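Values reported hereafter were calculated over all heavy atoms of this structure, with side chains retained and with hydrogens, waters and symmetry mates removed. These numbers were taken from a predicted model, which means no experiment stands behind them.
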Amino acid sequence: MGIFDFLKPKTRTKKAANKVVLIDDVEYKYVKSKSSKSLKITVKDRFHIRVSMPYYLSYKDAETFVFKKQSWIEKTLEQYEFNLIDENFKTKTNNLVIKPSLVLEPVIKTKQGVVYFLYPFNSNFYSKENQEKLKLALKKALYMEAKDYLPKRLNELAHKYNFKYNKLSLKTHKTRWGSCSGVNNINLNINLMLLDNEFIDYVLLHELCHTVEKNHKENFWKLLYKLMPEAEILKRKLKTKTPLI
């Protein structure tokens, strides 16, 4: 390096600037980005809102914009209320126990195949902290139930209708109940354990049919309806349901 090189201007990569504001348990995250050409509000879930904004705008301008959009934000947040878990919530085999306790913060414990979610007596059960921790407990409980039930039931249906698949994976997904890859690997959403058994069978048979028919064309539906005549009704009803976690 030359003796005067330190005087040369250096190129720096400007990182996105963030500001976080908490209002009534809802986190508003203001993110400045080069790619943002205008203000944009994205409701991530019941507790998280992202406000994308250009670098040249001030946070005060962005907050004024958000204030003007409050009625839309509140209406959108209402759509996420169903994702709140009630104190009396039960899983299919009741391996999740929710109870108030003398703990200082929400705690997850597992004992003899049961997941315990303990939350402070004096806390708001529907607070962000409690709900997010509870969903972790529910995820653990659902995985245990899914691991016990889904592989066995999938094998029963595959044997009954003479299907063959490669391997099974249990996952969480916000929109899809299941999928089947080109090499017949089946993925099933552990949220299936929150549905009635008829819907579980519908999804399992749906994916097994994909081991033969790789698309949703006429032959696929003919095959599925032949094996499960009530599949068309279940298909419509399933569209009204959404994975919880």
Side-chain angles (χ1 to χ4, degrees), residues 20-29 41-50 70 72-150 153 169-179 187-204 234 237-245:
V20 177
V21 179
L22 191 63
I23 303 175
D24 295 332
D25 251 345
V26 179
E27 180 184 279
Y28 290 76
K29 188 174 184 179
I41 300 173
T42 305
V43 179
K44 300 294 227 179
D45 57 40
R46 175 63 181 81
F47 299 108
H48 301 89
I49 293 175
R50 177 188 173 97
Q70 272 306 303
W72 175 84
I73 291 172
E74 289 171 8
K75 188 177 291 185
T76 306
L77 286 174
E78 286 175 4
Q79 298 174 17
Y80 289 88
E81 290 293 344
F82 69 91
N83 276 333
L84 293 176
I85 302 174
D86 188 79
E87 292 172 271
N88 300 314
F89 184 87
K90 298 291 183 184
T91 58
K92 193 176 289 289
T93 59
N94 297 325
N95 73 338
L96 174 66
V97 175
I98 304 170
K99 58 194 297 187
S101 178
L102 293 174
V103 294
L104 298 177
E105 59 184 24
V107 175
I108 300 172
K109 293 184 177 181
T110 305
K111 185 178 180 181
Q112 296 178 340
V114 177
V115 179
Y116 293 87
F117 172 72
L118 311 177
Y119 64 96
F121 270 109
N122 59 351
S123 69
N124 174 9
F125 179 77
Y126 296 100
S127 71
K128 173 184 173 183
E129 184 181 20
N130 280 337
Q131 286 289 311
E132 289 189 340
K133 195 80 171 184
L134 175 52
K135 285 184 179 181
L136 291 177
L138 176 57
K139 184 176 181 178
K140 191 171 186 178
L142 288 181
Y143 183 80
M144 289 165 55
E145 292 189 4
K147 191 176 179 181
D148 285 342
Y149 182 81
L150 293 180
R153 186 56 181 159
S169 297
L170 302 176
K171 300 182 178 182
T172 56
H173 199 283
K174 290 185 178 181
T175 57
R176 300 171 70 177
W177 295 106
S179 63
N187 295 320
L188 295 176
N189 194 329
I190 63 174
N191 281 275
L192 284 168
M193 300 311 297
L194 297 175
L195 301 178
D196 292 339
N197 287 345
E198 60 181 350
F199 290 107
I200 296 178
D201 279 359
Y202 167 79
V203 173
L204 268 55
L234 293 172
K237 289 182 177 179
L238 190 59
K239 286 182 178 180
T240 66
K241 303 179 184 298
T242 308
L244 184 60
I245 57 171

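Within 6.0 Å of NZ on Lys135 lie more than 12 heavy atoms contributed by other residues, nucleotides or ligands. Within 6.0 Å of CD1 on Ile23 lie more than 12 heavy atoms contributed by other residues, nucleotides or ligands. Within 6.0 Å of the NZ atom in Lys237, the count of heavy atoms belonging to other residues, nucleotides or ligands does not exceed 12.
With contacts defined as side-chain heavy-atom distances shorter than 4.5 Å, the pair Pro120/Pro100 does not qualify. In this structure, Ile73 and Tyr28 have side chains that are in contact, with non-hydrogen atoms separated by less than 4.5 Å. Here the side chains of Leu136 and Ile245 are not in contact, with every heavy-atom distance at 4.5 Å or above.
The two residues Lys133 and Ile108 make their nearest non-hydrogen contact at O-CD1, 3.5 Å. The minimum heavy-atom distance linking Thr91 with Glu145 is given by the pair OG1-OE2, 2.6 Å. The shortest heavy-atom contact between Pro106 and Phe117 is CB-CE1, 3.7 Å. Taking every heavy atom of both residues into account, Asp86 and Ile98 meet most closely at O-CD1, 3.9 Å.
Between the side chain of Asn95 and the backbone N or O of Val114 there is no donor-acceptor pair closer than 3.5 Å. Looking only at distances, no side-chain donor or acceptor of Asn187 sits under 3.5 Å from a matching main-chain atom of Gly178. Of the possible polar contacts, one joining the Asp45 side chain to the His48 backbone as a donor-acceptor pair under 3.5 Å is found.
Side-chain contact of Tyr119 with Gln131: a donor-acceptor pair under 3.5 Å is absent, judged by distance alone.
The distance from the CG atom of Leu188 to the CD1 atom of Ile190 is 11.0 Å, given to the nearest 0.5 Å. In this structure, CG on Leu134 lies 10.0 Å from OH on Tyr126, to the nearest 0.5 angstrom. Atoms NZ and CD1, on Lys29 and Ile49 in that order, are 13.5 Å from each other to the nearest 0.5 Å.
A search for side chain to side chain contact (heavy atoms under 4.5 Å, CB included) contacts involving Ser127 returns Asp25, Asn124, Glu129, Asn130, not counting sequence neighbours.
Cation-pi contact between Lys241 and Phe199: present, with separation from the ring centre below 6.0 Å and deviation from the ring axis of at most 45°.
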